[in-house]
Each structure stands twice: as structure tokens, then as C-alpha cells.
Amino acid sequence: MTLHGHVPPEPDLVQLLTPEGTRVQHPDFPLEITDEEIKSLYRDLALVRRFDGEATALQRQGELGLWASCLGQEAAQVGAGRALRTQDMAFPTYREHGVAWCRDVDPVTLLGMFRGVSLGGWNPNENNFNLYTIVLGAQALHAVGYAMGVTRDGAVGTGEPDRDTAVLAFFGDGASSQGDVNEAFIWAAAGNLPVVFYCQNNQWAISEPVERQSRVPLFHRAAGFGFPGIRIDGNDVLACLAVSRVALDEARSGQGPTLIEAYTYRMGAHTTSDDPTRYRLSEELETWKHRDPIERVRAYLVRQAGVAQDFFDGIDAEAEELAVRIRAACRALPDPGPLSVFDNVFVDLPDELAEQREGYREYLSAFEGAGH
Amino acid sequence: MTLHGHVPPEPDLVQLLTPEGTRVQHPDFPLEITDEEIKSLYRDLALVRRFDGEATALQRQGELGLWASCLGQEAAQVGAGRALRTQDMAFPTYREHGVAWCRDVDPVTLLGMFRGVSLGGWNPNENNFNLYTIVLGAQALHAVGYAMGVTRDGAVGTGEPDRDTAVLAFFGDGASSQGDVNEAFIWAAAGNLPVVFYCQNNQWAISEPVERQSRVPLFHRAAGFGFPGIRIDGNDVLACLAVSRVALDEARSGQGPTLIEAYTYRMGAHTTSDDPTRYRLSEELETWKHRDPIERVRAYLVRQAGVAQDFFDGIDAEAEELAVRIRAACRALPDPGPLSVFDNVFVDLPDELAEQREGYREYLSAFEGAGH
Amino acid sequence: MPEPTNLTVAGALNAALRHRLEHDPKVLVMGMDVGKLGGVFRITDGLQKDFGEDRVIDSPLGESGIIGSAVGLAIRGYRPVCEIQFDGFVYPAFDQIVSQVAKIHNRSLGAVRMPITIRIPYGGGIGAVEHHSESPEAYFAHTAGLKVVTCSNPSDAYWMLRQAIDSDDPVVFFEPKRRYWSKGSLDTSAAQAPLPLHSAQVVRPGSDATIVAYGPMVATALQAAKAATEDGRDLEVIDLRSLSPIDTATVVDSVVRTGRLVVVHEASVTLGMGAEIAARVQEKAFYSLEAPVLRVGGFDTPYPPSRVEEEWLPDVDRILDAVDRTLAY
Amino acid sequence: MPEPTNLTVAGALNAALRHRLEHDPKVLVMGMDVGKLGGVFRITDGLQKDFGEDRVIDSPLGESGIIGSAVGLAIRGYRPVCEIQFDGFVYPAFDQIVSQVAKIHNRSLGAVRMPITIRIPYGGGIGAVEHHSESPEAYFAHTAGLKVVTCSNPSDAYWMLRQAIDSDDPVVFFEPKRRYWSKGSLDTSAAQAPLPLHSAQVVRPGSDATIVAYGPMVATALQAAKAATEDGRDLEVIDLRSLSPIDTATVVDSVVRTGRLVVVHEASVTLGMGAEIAARVQEKAFYSLEAPVLRVGGFDTPYPPSRVEEEWLPDVDRILDAVDRTLAY
Ligand SMILES: Cc1ncc(C[n+]2csc(CCOP(=O)(O)OP(=O)(O)O)c2C)c(N)n1
Ligand SMILES: Cc1ncc(C[n+]2csc(CCOP(=O)(O)OP(=O)(O)O)c2C)c(N)n1
Ligand SMILES: [Mg+2]
Ligand SMILES: [Mg+2]
């Protein structure tokens with residue numbers, strides 16, 4: 001026998017709404033959803049895109065130091081975000097603006113981080129949305145530890161809908177290569193933890209195509225660690241919602257971890273500092289434009305649900321308002337004062353650091369005196 | 001559909017020689033082997049066991065600081081070790097004394113490390129056997145890097161038996177949880193590298209049973225990364241030899257990595273510092289004694305190959321000689337001089353460190369003068 | 001009032017863990033082999049039996065996983081006490097410690113606390129193989145956002161570990177493994193610790209010169225001070241205890257009195273704690289110093305094989321040699 | 001003789017890599033995005049196109065994997081040059097660097113060499129998000145077995161990188177990212193480097209006090225020295241260049257002449273390079289010092305959000321303030 005040479009077939013991805021906006025059924029993932037609910041998802045998608053676009057514009061105008069756009073990944077994020085219950089906890093990377101939106105984190109707070117007025121600055125436990133984590137993969141382990149806590153708190157498998165808690169850990173195709181993500185798989189499996197790993201495979205890690213990380217679909221990884229993995233159409237908000245719901249439900253009920261690979265595409269640059277024309281072909285982008293996650297929902301709503309134009313106009317107006325608000329609020333974000341660097345280093349400020357702070361305060365006040 | 005609930009059946013392991021010493025055939029892994037060759041394997045196993053036992057005794061007598069015995073894992077190690085070709089490279093952990101034996105590394109040099117006269121001290125490129133690596137899993141990445149070099153050197157897939165080169169990376173069931181091992185899988189798969197990962201699942205990582213690391217058989221891990229994995233009877237030297245040969249051949253010919261899980265058992269303590277009675281039942285040990293890797297070869301040789309007693313007496317005598325030699329040589333190993341700590345820190349000794357060395361030399365010589 | 005108990009450092013650490021597990025339901029102990037085995041040094045002996053497998057957790061074998069999951073537990077409101085099995089095995093967790101544990105409180109503008117204790121047996125002198133004898137404390141003391149402490153005797157072992165676990169800031173707690181079996185008396189029933197966690201302590205008053213040591217080197221420094229009395233020298237010995245923050249005031253105070261300072265540690269001299277202490281003392285006690293601050297430490301080499309470790313490690317003679325040199329100024 | 005070229009630091013680094021790739025078939029360049037993209041700072045621009053995908057390697061996204069595989073390549077006889085994308089992302093590779101890269105030569109009793117260069121863009125001042133502005137050099141300079149250097153201008157960028165790659169010892173090469181676009185002239189055709197890799201350089205002679213700086217802070221120190229002339233002060237500026245080993249002699253020599261020393265770096269002050277330099281100088285030039293060695297560095301806090309980084313980072317005013325203080329003694 002040879003050990004090599006068995007090539008698994010390219011997997012199907014779960015899809016409930018085609019790029020053309022046709023609702024299809026999946027035998028394993030039926031989704032009961034009303035047109036009103038789909039309209040609400042449309043609103044999420046449209047507002048997230050508008051917010052994201054506004055942030056990119058703010059960066060171009062020098063109001064932000066950097067922006068990592070989620071353009072093209074709105075469905076993957078909103079689908080997952082809307083599958084969460086209040087008590088669930090999400091651990092994002094630095095690109096989950098769509099999930100932040102679903103968790104009611106103020107977009108302006110997010111902007112503050114990219115503007116450089118803070119390093120994060122929201123309270124993870126307020127909206128059950130962890131701080132952005134920039135070090136690739138580190139948050140996967142945080143999610144696992146949080147899930148250990150959930151289990152210990154007895155908040156798994158009780159059957160009480162408001163009590164049973166799941167944890168949703170985000171990471172990218174690139175980050176899947178980090179040791180931390182794989183250790184997280186091990187911890188999750190060994191502890192049968194209520195955590196859903198949600199990998200947005202957007203095909204790129206800056207300039208590296210996903211083929212640099214793996215020669216098999218990423219969702220396969222899970223089986224090797226002893227838990228289920230599944231690939232979904234990450235540009236189909238209904239598939240993302242449906243499968244996330246099942247996985248989160250199973251986590252809450254004590255059935256352990258799942259890996260969801262949301263197959264999607266980074267439509268923009270990696271960040272505003274990046275120039276993707278150096279490493280990828282525009283044809284690829286064109287192909288993916290036909291799979292736009294928002295267009296297909298709009299097509300469905302127009303063609304199959306008969307939603308009229310003023311609904312869309314209303315959303316557009318709301319988006320415009322949002323953009324105006326966050327633009328103004330972003331510009332108004334105050335810079336932190338120089339002495340703020342000593343705040344929150346510790347709960348208990350050591351004398352030595354207090355002394356350093358005091359020395360710096362004196363130094364600064366000497367300038368004031370000198371009219372600097 | 002539910003994502004959870006599909007339990008894979010417990011896998012078969014490849015076995016070619018039963019615990020009772022009966023030769024069996026495996027449809028996928030035929031092994032052509034003469035009785036002379038099996039006698040030679042028996043010799044390896046017996047001498048490794050004797051060496052290992054002698055080292056344990058030396059530790060008890062205070063000649064070694066520590067010893068990590070390979071008792072019970074001789075077949076897993078000799079089978080793999082004898083599947084290597086001269087040009088292949090092995091990356092051991094700290095327990096592969098049986099592989100070291102097959103690579104002709106002087107047992108006394110190994111003892112030197114555990115005696116504390118060196119931190120390793122052999123030349124990895126002399127016998128193509130890397131230094132022992134104590135930090136769990138780190139060597140898996142070294143193996144992968146070495147395999148990158150092999151590929152770049154054009155030493156893969158040429159069809160020349162003395163040129164095509166494979167790399168064999170050892171690690172334990174416990175180490176399989178380290179990020180480094182999993183990153184090694186990723187690198188190996190992405191680069192289709194000529195590396196065979198050889199996991200000795202000896203059921204324990206110090207006091208932690210393998211179930212703490214994984215709820216599915218470890219060889220499953222490989223498929224998720226996109227290369228084959230297989231479980232073998234790690235106490236069956238023939239199975240270990242046969243499957244290692246196939247995997248190494250496939251690596252050399254350019255078919256990429258394999259993960260072999262050698263299912264075996266740590267018959268002794270983790271190291272001489274450990275007390276396994278604190279955490280495992282003696283029944284378990286008893287069960288595994290019936291699967292002893294050496295007994296079954298002896299049984300085969302006696303019963304099926306009709307090998308006479310004087311063969312075994314000869315091996316016993318050789319083993320005794322070996323023990324006597326290494327005991328004497330170990331005791332005679334000179335302690336490093338105090339100034340040796342400055343040797344080999346750098347190829348190019350910096351002035352600053354030379355100065356530190358000189359200061360220490362002067363300090364020491366002052367004592368000599370003072371008759372200390 | 002109950003009698004002070006006589007305990008080893010190891011026993012005192014075990015008692016401190018037991019106390020916190022008993023009194024704070026949010027405290028968890030986690031690491032490799034901390035359960036049934038009770039840790040390779042038996043510091044967690046009996047704890048899993050008494051507090052259960054979900055409070056004393058045998059983790060899978062990854063240091064990054066241990067610390068990373070502790071971070072998540074802390075976000076969920078827990079107070080994890082993590083054991084790193086040996087000094088040389090903390091590095092796989094370095095990223096989680098330096099970029100996450102040390103910074104999340106700051107990143108969250110104070111909303112999230114990281115009351116994580118990372119216990120690390122450290123230092124040499126036990127005849128071990130590579131990676132089992134290192135002194136990596138300076139890496140952590142250089143990292144803003146971490147507190148770093150070490151103990152040298154059973155009483156401090158007990159109280160400082162309790163204080164570390166109670167600290168709302170992350171604490172890296174270095175345990176002097178070669179002193180695990182040193183005995184000393186200790187009063188576990190006191191209402192509070194004898195000293196704040198981050199204070200240094202003069203453990204031997206003296207007037208001719210000051211020796212600053214910590215962890216395993218305190219006993220060695222005290223031996224040196226005793227030996228020096230034979231030459232009529234009266235050395236003051238300070239047990240630094242806290243490596244970050246450093247109780248500079250206590251050290252400077254002493255140097256102002258003695259005029260001379262020798263700092264001792266096992267870690268390599270370059271950029272070891274001695275560097276920082278020398279830099280601070282020459283800055284704050286410039287006119288008091290009658291000689292340069294001298295450092296006695298490991299050489300700038302990897303920790304050597306054990307058959308030569310006694311020569312490599314600072315000992316009484318090397319300390320006295322430095323004392324001679326400082327007094328010769 | 002060819003004219004000296006005018007290049008940026010980035011361009012000079014690129015030219016050095018190109019030179020080594022061209023002349024040494026064992027040299028490989030590896031890291032994230034070093035291929036088609038040419039690295040996020042374009043330091044490897046065009047190299048993959050010219051030298052192929054198997055010499056300029058886009059690695060999977062794991063720092064431990066990058067350094068760990070470089071170790072294996074070195075064992076096989078290669079000379080890998082690894083790029084860590086940003087300072088704050090080196091920590092996942094810390095274990096491989098500290099326990100393997102730094103120690104294998106020693107562990108093998110000299111049989112195996114680790115001629116690995118680890119390039120790390122470092123430092124702040126570029127308005128970046130968290131983890132993109134750190135100065136982790138002291139962690140590596142404290143690690144025995146590693147050599148650590150940094151450049152401050154195009155000529156050093158070119159020559160020091162060539163020297164680092166040619167070094168048979170592992171070198172951590174810190175690149176001052178905010179000076180990547182500074183220009184300077186450089187003679188790439190010289191037969192050899194103007195200075196040994198581990199020598200410091202007096203970049204501005206002066207008599208009243210010495211400033212030691214390195215990497216991004218050299219330009220700032222020179223500005224400060226220039227500004228100080230207005231107050232009639234003549235400052236000597238030393239570019240340290242090598243952080244391990246340290247060229248103590250050049251620094252001590254200068255202090256013997258000036259009597260005063262200020263050390264400047266971006267890293268947090270506690271246990272930063274300034275601590276080691278202060279400790280050495282007070283030891284070797286005790287009687288020459290007319291004032292304590294002063295340190296100007298980042299505060300002992302995490303690197304702050306970018307809107308406040310200019311206040312956090314040492315600048316001309318803070319350097320001059322320290323100069324004032326040392327001269328006031
Ligand atoms: C440990 C670490 N190394 C490097 C980086 C730099 N970096 C930021 S994003 C990125 C690519 C990540 O790709 P992926 O995980 O696919 O996420 P995506 O950006 O596509 O959402 C890299 C290399 C980092 N943030 N952390
Ligand atoms: C990074 C690291 N962490 C911890 C240790 C301590 N340690 C040494 S051996 C061991 C157990 C290893 O188990 P396994 O990988 O199954 O190998 P085995 O000892 O069974 O051969 C541990 C935890 C280590 N050597 N390296
Ligand atoms: Mg991606
Ligand atoms: Mg094992």
C-alpha cells in the first residue's frame with residue numbers, strides 16, 4: 001500500500017442563498033426565517049458596509065492611522081454575530097467590525113483604536129465582545145479559557161436558554177497556522193468545551209494565498225483534533241446564520257467544539273497600508289464581486305420577497321446618518337493626555353511608577369512655565 | 001443535522017508480529033525479511049534494553065543526574081531507526097536511545113549528557129542523528145527546516161537510492177499538544193517536505209494519560225493537515241520497520257510527509273526522578289508486560305525460526321560486555337573544567353566575554369596560590 | 001495564639017495554595033502534572049484530591065495554552081494560578097505573557113483585570129539537565145505590566161504566594177527550587193502578611209557594605225556575611241523579594257549607610273537585575289557610593305552542564321571576592 | 001573608484017540582502033510576505049523575482065515555525081535570514097530563539113553553527129496600532145549565545161546586515177523602522193566594512209558630556225547635540241551599534257574624557273540597555289564620573305496609543321533635560 005495519493009474531493013459548502021439571490025434548501029441545515037428577519041440582516045450588512053467604507057475614507061483623510069476593512073466579509077460576520085445570544089461571548093481578531101456591530105459596540109470606539117486614541121478601550125464584559133486581538137491567534141486560547149470558565153460556572157447543558165453559554169472565536173486563514181490556534185483546538189477537544197471556532201477564510205493573509213497555509217480545506221483540520229468541521233459559503237448570510245446557530249446550540253448543550261470555515265473573500269486591501277495589486281490579479285476580485293454578500297440579499301428581497309424601493313432608500317438614509325455621526329464623533333475623539341500613559345498599567349500603581357509619573361508631570365509643567 | 005455525534009471507530013493498528021510471536025501478514029504492508037535480519041533486530045533490541053537498564057542503574061548509584069528510560073519502547077525505536085538510510089536525518093527527543101543505537105552514536109556520549117558533563121555534545125551531522133531536544137516539540141520544526149534544505153539540495157525524488165533523503169522527527173503523545181509540533185505539520189504539508197513524523201504514543205506524559213491530550217487517536221491529526229497518518233503496533237518491531245520504510249520511501253521520492261503513531265507503552269517511570277505509583281495502576285503495567293516488544297521476537301525466533309539457545313546466550317554475553325564497557329567509560333568521563341563554560345558560546349568569542357573569562361581565570365588562580 | 005509552624009518552602013507554598021483554594025472559589029490551579037502527581041516538585045500535592053479536577057487542572061502539554069487559557073479564565077472572572085514546570089519551559093508562553101497577560105488591563109482601559117499568578121520554579125544547583133536551572137526573571141522584570149516577585153524562605157513563600165494570588169495585577173512568582181526543602185518557622189494564622197508584597201527586607205543589618213540578593217542567593221549571601229565576620233567585616237544583607245517593582249528606597253537607604261553595594265544573582269550578569277539596581281543606586285546615591293556597585297552573577301554564557309554548575313553559580317567565595325574588591329576602593 | 005551611492009536605510013538593507021543572495025548560495029530569505037509583496041516595508045522588494053521562490057520564501061504564518069525551520073536549515077548547512085514582520089510579533093518565536101538558536105552551538109560543543117540572522121523592524125514613532133512600535137532588544141541582549149546589533153544610517157544598514165549574514169553566530173538585527181526612509185551616502189563597492197560589526201562609533205565628538213544612543217535614537221541624539229550648541233554645550237554622541245556584545249571600551253573612553261553620560265533608547269527604562277551601560281560605566285569609570293549616568297527612555301508602561309507616542313518617546317527636549325541634570329551635578 002502507499003500512504004500517499006488519496007486526494008479527498010473538494011468539499012461542498014453549505015449555501016442557503018445563491019449569489020443570484022435564490023433561496024435554496026440544504027438538507028442538513030434548514031433555516032426558518034421570515035422576510036422581516038432577512039430585511040433586518042440586510043440592514044446590518046448595509047450599515048456595516050457603510051461604516052466600514054466611512055472608516056476607510058477617514059483613514060485616507062488622515063483621521064485614522066490605519067483601517068482593516070471587512071469589505072466582502074459582512075455576511076460571514078453578521079451571520080455569526082446574529083447567531084449569538086446575549087450571554088454568549090465573542091473573541092474577535094482585528095477585522096470583525098460586523099460582529100462588533102451585532103454586539104452593539106459603538107463604531108466610534110472601534111475607530112478610536114485605529115485612530116490611536118486607545119489600544120482598544122471597550123469593556124469586553126459589557127457587550128460580551130472581547131477586545132480586538134492583533135497578535136494572530138492569541139485570542140483562540142482566550143476563548144478556550146473563557147469556555148473553561150463557562151463550563152465551571154455550570155452554564156452549559158442546563159437547558160435554560162438564557163443561561164447556557166457558548167463562546168465564538170474568530171481567526172483568519174493565515175492565523176490558522178499559528179501554534180496558538182492549534183493549541184486552542186487541543187484544549188477545546190480535551191475539555192469538550194463550548195466553543196465554536198470561526199475561521200474566515202478570505203483567501204489571503206496579506207499577500208499570501210491560503211495555499212501557503214494549507215493544501216486541504218481548513219475545516220478538515222477539526223476532525224484530526226476530534227471535533228466536527230464544516231465549510232460554509234461565507235458570503236451567504238443565511239448559511240452563516242444557520243450553521244453558526246447549530247454549532248452554538250450544540251456548544252451550549254454540552255456537545256463540545258466545532259470549527260466553521262466561512263469561505264469568503266477579502267475584497268479590499270489587507271489594511272489601508274497594503275497594496276494588493278502587487279500580489280493578486282484583478283480577475284480574482286472580479287469573480288468574487290459576483291458573489292457579493294449584500295447584493296444577493298437585496299436581489300432576494302426585491303425579486304422573491306417583493307420588497308419595495310423605499311425600504312432600501314430608508315436603509316441608505318440610515319447609513320448616511322450613521323456615516324455622518326461617526327465621522328463627526330471620530331474627529332471629536334480627544335487625544336489622550338501625556339500622563340494617561342501611566343493609567344491602567346496596573347490596578348495597584350507601584351510607588352516606583354508613581355514616582356516616574358510624578359517626575360514626568362514636573363518635567364511637563366516646567367515647559368508650561370517656560371512658555372513652551 | 002447535528003454537527004456532533006459521529007464517533008469514528010477505534011482504529012486497527014498495523015501489526016506483523018503478535019505478542020505471542022506469531023508472524024502475521026498485513027495486506028497493505030508486506031515485509032520481506034529473513035530470519036537472519038530478525039535475529040539482528042533482536043540483537044538491537046536486547047542491547048538497547050541492556051544499555052538502558054545499565055543507565056538506570058548508574059543513575060541509582062549516583063553516576064548520572066537523571067535517566068529517561070526507553071524501557072518498553074525498544075521496538076518502536078529500533079524499527080524506525082533501522083528503516084533509516086545513512087543519508088537520512090533523525091531528530092530525536094530525549095528518550096530515543098534505541099534510535100541513537102541504530103545511528104551508531106556512542107552510548108557513553110549519551111550518558112555524558114545525563115551525567116552532566118555536557119549538554120549533548122555529539123555532532124549531529126556525523127551520524128545524521130540530531131542532538132537530543134528537551135524542550136517538547138521544538139525539534140519537529142528543526143526537522144521540517146532540515147527537510148526544506150534537503151529539498152533545496154535536490155535530494156528528493158531523483159531515484160538515486162543513496163541520494164534521496166528523508167527526515168524522521170520524533171515526539172511523544174504529550175508533545176503533540178505543543179504549538180511547535182502543529183506548526184511543523186503545517187510547514188511540512190505546505191512545502192510537501194520529505195519528513196516523517198514519528199509519534200511514540202507511550203500512553204503517558206509524565207503523569208498525564210494520553211486522553212488529556214486528545215480524545216481521538218493521534219494519527220488522525222495528520223489528515224486534517226493534509227497528509228496521511230497511520231497507527232502501528234509500536235511494540236512490534238516488524239510493523240515499525242515496515243511502515244517506517246514505506247513512509248520514508250515515499251518521503252524520499254517526493255510524496256511528502258506522513259505521521260506514524262507508534263502505539264506503545266512507557267514501562268518504567270518517566271525518568272528516574274519520577275514515581276509512577278502516584279498516578280497509574282499496576283494492572284496497566286501488567287497488561288503491557290504481555291505485549292513486551294522483545295519477548296515476542298524471541299518467541300518467534302525460538303518457536304518459528306528454530307533459533308537455538310546459544311544465539312541468545314551470545315547476545316546476553318555481548319550485552320554484558322556492553323554494560324561493563326559503558327559503566328567503566330561513564331565513570332571515567334572527565335568533568336569539564338570551570339573555564340569550559342566559555343567555550344562554544346560563540347564561534348567568534350567577543351572581547352567582552354573573553355575578558356569575563358580572563359577575570360574568572362585570574363580569580364581561580366588566586367585560589368590556587370592561596371592553597372584553597 | 002497558635003504556635004508558628006515549621007515548614008519547608010515547598011510545604012509553605014502548598015499551604016498558601018490550599019488557603020486560597022479554600023477561601024476563594026475563583027482561584028484555580030493549573031499546569032502540567034499538578035493533579036494526581038502533585039507537580040514534579042509536589043508543590044500542589046493533595047490539592048486535586050481535596051478540591052477536585054475542575055479546580056486543580058492537569059492541562060494538555062502546551063505552555064502557551066496554559067497561559068492563554070488562563071487569560072480567558074481571567075476575563076470570565078477567575079483567578080488562575082498557573083504552574084510552569086521548569087524555568088526553561090516558560091518561553092513557549094512568552095508571547096501570551098508579554099503581549100496579553102501584561103497588557104490586557106491597559107488595553108481595556110482598566111475594564112478587565114488579569115489576576116493571574118504564574119509560578120515558576122527557577123535557578124540551578126540541583127544537578128539537572130539543560131533547561132531546568134535557568135533564571136529568566138529579568139525578561140519579566142523588563143516587561144511593563146507585570147509584577148515579579150521571589151521568595152527565599154518558608155514564611156515569604158507562604159505569605160508572598162497568598163499576596164500574589166490576591167493581587168489584581170498579574171504576578172510572576174519565582175520559586176527558588178533548590179531551597180524547596182529549606183525549613184523555617186512561619187505563622188500561618190496571622191491576620192495579615194508581615195510585609196507588603198513589593199517591599200525588600202533587610203535580613204541582616206550591617207555597616208561595612210550592602211549585599212542585595214534574592215531567591216536562592218539570599219542564603220548564600222547570608223553565609224558570605226557570616227564568613228566575612230571572621231575578617232571583621234560587618235555586611236548588611238537585603239532580600240530584594242520584589243523584582244518588579246523594585247523597592248529602591250530600601251536599597252538606597254542601606255547604601256547611604258554602608259557606601260558600598262554588591263548585587264548577587266544566578267542569572268547572567270549582562271542585563272540581569274544587578275544592572276538595574278546598579279543603575280538606580282548610582283543615580284540615587286551618587287555621593288554616598290565609595291566604590292562602584294559590583295555585580296556577582298552567572299557568566300554571560302548558557303547555563304552550563306551540571307558537573308560544572310557549582311563553579312558557574314555565584315557562591316560564598318565569589319561574593320566575598322566582590323566584597324574585597326569594593327572595600328579595596 | 002565608483003561614486004558612493006545615495007540610498008535610504010530600506011534601500012541599503014535591500015542591497016545587502018541582494019548582495020548576499022548573489023554571492024552565497026547558502027543564504028535564504030524567509031518570512032511572512034517577503035516574496036511578491038517584498039515585505040510590508042519593501043525591504044525584500046524584487047528579491048523573489050530575481051532569486052526564486054526557493055531562496056526567498058513566503059512562510060506560513062507562524063513565527064515559531066519560521067525560526068524553528070531556520071534552525072533546521074542551519075543544521076543542514078544553510079544561512080537563513082528571517083524576517084519578523086514587526087517587533088511585537090517576535091514573541092511567539094521566543095522559545096526557538098532563546099532555547100535553540102542561542103544554544104545549539106554550545107550544546108553541540110561547537111559542532112553545529114547557527115549562522116541565522118533575525119531581522120526585526122523595531123521602534124515607534126510611525127503612528128501604528130499596538131504591537132507595531134516596540135523595542136524588545138534587551139530581551140535578546142540578556143540572552144547568552146545571541147549577538148544583537150542595530151543600525152542608524154544607510155551605510156551601517158548595508159554593511160552591518162552583510163556582516164550579520166556572514167557571521168557564523170546568530171545575530172538579531174534590529175532595523176529602526178521609522179528611519180527606513182532616511183537617506184545617506186554609502187560605498188557598496190568597498191572591499192570591506194568600515195567598522196567591525198560589534199564596534200560602537202563616535203558619531204559626533206564633544207567634550208562636555210557623552211550621549212549614547214542606537215538605532216532610531218541616534219538621529220534624535222544628534223539633533224539634541226546640535227541644539228545644545230546654542231547653550232554653548234559640546235556633546236559627544238556615540239552610536240552604540242552593537243547591543244550584544246557591547247563595545248564598553250568606546251563608551252568608557254568617552255566618559256573618561258567628558259565625565260558625564262546620558263543613555264537614550266525607546267525601550268522602557270527598567271532593565272533596558274541603559275541599565276547595563278550605566279552599570280558598566282560606573283564600574284569601569286567610577287572616578288571619572290562627575291555625575292551619575294542618566295537614562296532617557298520609554299516609561300515603564302506598555303507602548304501607548306499612537307496619539308500620545310510622541311510624548312512617550314524620548315525626544316530632543318527630554319535628552320536636553322537629562323543633559324541639564326547631569327551638568328548640574
Ligand atoms: C503573531 C503575528 N504575526 C504577524 C502579524 C502581522 N499580520 C497582521 S494580519 C496578518 C495576516 C493575517 O491573515 P489572516 O489570518 O488570514 O487574517 P486576515 O487579515 O485575512 O483577516 C499578519 C501576518 C500579526 N498580527 N501577529
Ligand atoms: C516545553 C516543555 N514543557 C515541559 C517540559 C517538561 N517535560 C519533560 S518530558 C514531559 C512529558 C512529555 O511527554 P511525551 O511527549 O508523551 O513524551 P514521553 O516523556 O512520554 O516520552 C514534560 C512535561 C519540557 N521538557 N518542555
Ligand atoms: Mg485571511
Ligand atoms: Mg508519552
Side-chain angles (χ1 to χ4, degrees), chain A residues 65-66 68 94 112-121 132 134-138 172-180 205-209 212-214 270-271 273-276 278-280 333-345 350 352-353 356-357 360 363-364 366-367 372, chain D residues 31-42 45 48 53 57-66 68 85-86 88-93 95-96 126-133 268-270 297-313 317-318 321-322 324-325:
Chain A
L66 185 82
Y94 41 82
M113 173 175 162
F114 289 90
R115 185 176 172 87
V117 304
S118 84
L119 302 170
Y132 278 179
I134 293 177
V135 179
L136 295 173
D173 46 301
S176 73
S177 293
Q178 288 280 359
D180 274 9
I206 309 186
S207 73
E208 298 190 9
R212 269 319 287 157
Q213 319 298 332
S214 183
H270 170 68
T271 65
S273 297
D274 181 39
D275 172 11
R278 291 179 69 100
Y279 54 80
R280 69 183 190 187
L333 282 173
D335 282 354
L339 289 175
S340 70
V341 301
F342 296 98
D343 297 343
N344 303 310
V345 179
E352 304 271 317
L353 197 55
Q356 211 170 82
R357 183 182 194 281
Y360 188 43
Y363 165 83
L364 290 172
F367 280 92
H372 254 69
Chain D
M32 300 174 185
D33 305 296
V34 298
K36 266 196 191 148
L37 183 62
V40 292
F41 289 109
R42 310 291 184 266
D45 194 23
Q48 190 179 68
E53 291 192 13
I57 304 162
D58 270 334
S59 6
L61 262 67
E63 284 77 9
S64 194
I66 292 172
Q85 202 160 68
F86 282 91
F89 304 138
V90 68
Y91 309 121
D95 180 56
Q96 286 286 352
I126 61 159
V129 293
E130 203 185 349
H131 312 290
H132 291 69
S133 305
S268 288
V269 162
T270 291
F299 299 111
D300 291 324
T301 76
Y303 195 91
S306 62
R307 286 274 170 156
V308 74
E309 70 181 338
E310 293 302 340
E311 327 273 344
W312 191 89
L313 289 167
D317 284 334
R318 277 176 58 206
D321 173 65
D324 283 350
R325 283 186 285 128

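In what follows, chains carry the letters A, B, and so on, assigned in the order in which the sequence lines appear, proteins first and then strands, with residues in each chain numbered from 1.
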When only pairs under 4.5 Å are counted, which of [options] shares the most heavy-atom pairs with chain D?
options                : result
A/G116, A/G174, A/G112 : A/G116
A/L353, A/D275, A/L136 : A/L353
A/F342, A/F114, A/Y132 : A/F342
A/S177, A/G120, A/S340 : A/S177
A/V345, A/D180, A/I206 : A/I206

Give, as side chain, backbone, both or neither, the part of [X] having an atom under 4.5 angstrom from any heavy atom of chain A.
X      : answer
D/T301 : both
D/Y303 : backbone
D/E310 : neither
D/R42  : side chain
D/Q85  : side chain
D/I57  : side chain

On a heavy-atom basis, which atom in [X] and which in [Y] lie closest, and how many Å separate them?
X      : Y      : answer
A/Q178 : D/P92  : OE1-CB, 4.4 Å
D/V308 : A/P336 : CG2-O, 3.8 Å
D/H131 : A/I134 : CD2-CB, 3.6 Å

Exercise for the section: Please answer whether the main-chain N or O of D/D33 pairs with a side-chain N or O of A/E208 as donor and acceptor at a distance below 3.5 Å. Expected result: yes
Handout entry: Donor-acceptor pair, side chain of A/Q356 and main chain of D/F299, under 3.5 angstrom
Key = no
Portion of [X] that has a non-hydrogen atom of chain D nearer than 4.5 angstrom:
X      : value
A/Y279 : both
A/Y360 : side chain
A/L119 : both
A/R115 : both
A/D173 : neither
A/L66  : side chain

Exercise for the section: Inspect the contact between A/R278 and D/D45 and indicate whether a charged nitrogen and a carboxylate oxygen are less than 4.0 angstrom apart. Expected result: yes
Handout entry: Distance in Å, A/Q213 CD paired with D/D58 CG, rounded so as to fall on 0.5 Å steps
Key = 9.5 Å
Practice task
Kindly compute the distance separating OH (A/Y94) from CD (D/E130), expressed to the nearest 0.5 Å.
Solution key: 14.5 Å
Exercise for the section: Evaluate the criterion side-chain contact (heavy atoms from CB on, under 4.5 Å) for residue pair A/F367 and D/D317; output intermediate values, then yes/no. Expected result: CA-CA 10 Å; A/F367 280 92; D/D317 284 334; 3.6 Å; yes
Problem - Residue, of D/V40, D/I126, D/V129, that accumulates the most heavy atom pairs under 4.5 Å with chain A - result: D/V129
